[in-house]
A.B. asks: 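Below: one structure in structure tokens.
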Amino acid sequence: MELLQLLAQFLERQDLLSKLTESERLHGYGYSDVHAIAAIAAIDHANVTKIAAHLHMTRGAVSKIAKRLRHSGCITPYTEPGNKKEVYYHLTEKGAALCAEHDARHRQWQQRDQAFLRRCDQRQLQAVTRFMRDYNAYLQEQIQQLGGR
């Protein structure tokens with residue numbers, strides 16, 4: 001039971017640190033919005049299907065996010081000549097700025113936490129890595145049993 005409480009405390013503190021280091025630029029955008037923006041930047045010819053697979057989300061959820069991001073001016077849709085059926089997305093200048101901020105926050109998070117991890121014993125890190133790999137696999141099984149991705 002203590003382990004579950006510690007995991008919950010870990011998640012709460014990570015969330016608080018994220019909020020404390022968050023730039024004004026990211027205010028008003030949720031976790032899924034920002035990660036969808038990052039996915040669009042990373043995926044060649046990003047469409048709803050590719051973004052959904054990248055984020056492990058349903059196409060319906062990504063469609064809603066894309067609509068929000070279009071409305072806020074972060075992305076614009078486009079089609080390829082000869083294929084007007086398939087809609088793709090690319091970042092606007094505003095979307096690119098949010099993506100850059102997201103990338104900077106990830107680098108900051110990695111630098112901050114790598115400083116702590118360097119202080120840890122290698123055997124300890126290997127044990128925690130094994131535990132987290134197994135726990136994530138278990139959680140994925142639970143998600144799949146509930147009909148998630």
A.B. asks: Do E101 and R105 make a side-chain contact, defined as non-hydrogen atoms from C-beta onward lying under 4.5 Å apart?
C.D. replies: yes
A.B. asks: Could you check whether any side-chain heavy atom of I43 comes within less than 4.5 Å of a side-chain heavy atom of Y88, counting everything from C-beta outward?
C.D. replies: no
A.B. asks: Over 60° means perpendicular and under 30° means parallel, so tell me whether H102 and H35 are parallel, tilted or perpendicular.
C.D. replies: perpendicular
A.B. asks: Quick one: CG on N136 to CE on M132, what's the gap to the nearest 0.5 Å?
C.D. replies: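 Those atoms lie 5.0 Å apart.
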A.B. asks: Taking side chain as C-beta onward, heavy atoms only, is I75 less than 4.5 Å from I40?
C.D. replies: yes
A.B. asks: By the definition side chain to side chain contact (heavy atoms under 4.5 Å, CB included), identify the one residue from T76, I51, L69 that meets it with Y89.
C.D. replies: I51
A.B. asks: Aromatic rings H106 and W109: how do their planes relate, parallel, tilted or perpendicular, breaks at 30° and 60°?
C.D. replies: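 Perpendicular, since the angle between the ring planes exceeds 60°.
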A.B. asks: How long is the span from the CD atom in Q124 to the CG atom in L117, to the nearest 0.5 Å?
C.D. replies: 9.5 Å
A.B. asks: Where do L55 and A36 come nearest, in terms of heavy atoms and distance?
C.D. replies: CD1-CA, 3.7 Å
A.B. asks: Report the residues that fulfil salt bridge (Lys or Arg N to Asp or Glu O under 4.0 Å) with R123, sequence neighbours left out, ordered by chain and then residue number.
C.D. replies: D121
A.B. asks: Is a side-chain N or O of K50 found less than 3.5 angstrom from the main chain of D44, in a donor-acceptor match?
C.D. replies: yes
A.B. asks: Can you confirm whether I37 sits close enough to C74 that some side-chain heavy atom of one is under 4.5 Å from a side-chain heavy atom of the other?
C.D. replies: yes
A.B. asks: Are side-chain heavy atoms of I143 and H56 found at a separation under 4.5 Å?
C.D. replies: no
A.B. asks: Apply side chain to side chain contact (heavy atoms under 4.5 Å, CB included) to L11 and list each qualifying residue two or more places apart in sequence or on a separate chain.
C.D. replies: none
A.B. asks: Does any pair with a residue in residues 60-89 pass salt bridge (charged side-chain N to carboxylate O under 4.0 Å, His left out), and if so which ones, sequence neighbours excluded?
C.D. replies: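 Applying salt bridge (charged side-chain N to carboxylate O under 4.0 Å, His left out) to every pair that reaches into residues 60-89, excluding sequence neighbours, yields D33-R68.
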A.B. asks: So, for L91 and A41, which heavy atoms are closest and what is the spacing to 0.1 Å?
C.D. replies: CD1-CB, 3.7 Å
A.B. asks: Flag yes if V128 and L125 sit in one hydrophobic cluster, no otherwise; membership is Ile, Leu, Val, Met, Phe, Trp, Tyr, and two members link when side-chain heavy atoms are under 4.5 Å apart.
C.D. replies: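 Result: no, two separate clusters.
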A.B. asks: A38 and C99: which non-hydrogen atoms are nearest, and at how many Å?
C.D. replies: CA-SG, 4.0 Å
A.B. asks: Return the minimal non-hydrogen interatomic distance between S32 and M57, and the atom names on each side.
C.D. replies: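 Of all heavy-atom pairs spanning S32 and M57, the closest is OG-CE, 3.9 Å.
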A.B. asks: Can you tell me how far the CG atom of L146 sits from the CD atom of E141, to the nearest 0.5 Å?
C.D. replies: 12.0 Å
A.B. asks: What's the shortest heavy-atom distance between H45 and Y78, and which atoms?
C.D. replies: ND1-OH, 3.1 Å
A.B. asks: Are F131 and Y138 linked, directly or through other ILVMFWY residues, by side chains that come within less than 4.5 angstrom of each other?
C.D. replies: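 Linked, F131 and Y138 end up in one cluster.
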A.B. asks: For the side chain of T79 and the backbone of V87, is there at least one donor-acceptor N/O pair under 3.5 Å apart?
C.D. replies: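 A pair under 3.5 Å: no.
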A.B. asks: If you take all heavy atoms of V48 and R59, which pair is closest and at what distance?
C.D. replies: CG1-O, 3.4 Å
A.B. asks: Do L98 and Y31 sit in the same hydrophobic cluster, where Ile, Leu, Val, Met, Phe, Trp and Tyr count as joined when their side-chain heavy atoms come under 4.5 Å apart?
C.D. replies: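 Looking at the clustering, Y31 is in a separate group from L98.
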A.B. asks: Does atom CD of E93 have more than 12 heavy-atom neighbours from other groups under 6.0 Å away?
C.D. replies: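 No, not enclosed.
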A.B. asks: With a 4.5 Å heavy-atom cut-off, do Q5 and Q9 have their side chains touching?
C.D. replies: no
A.B. asks: To the nearest 0.5 Å, tell me how far R13 CZ sits from L16 CG.
C.D. replies: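 CG of L16 is found 9.0 Å from CZ of R13.
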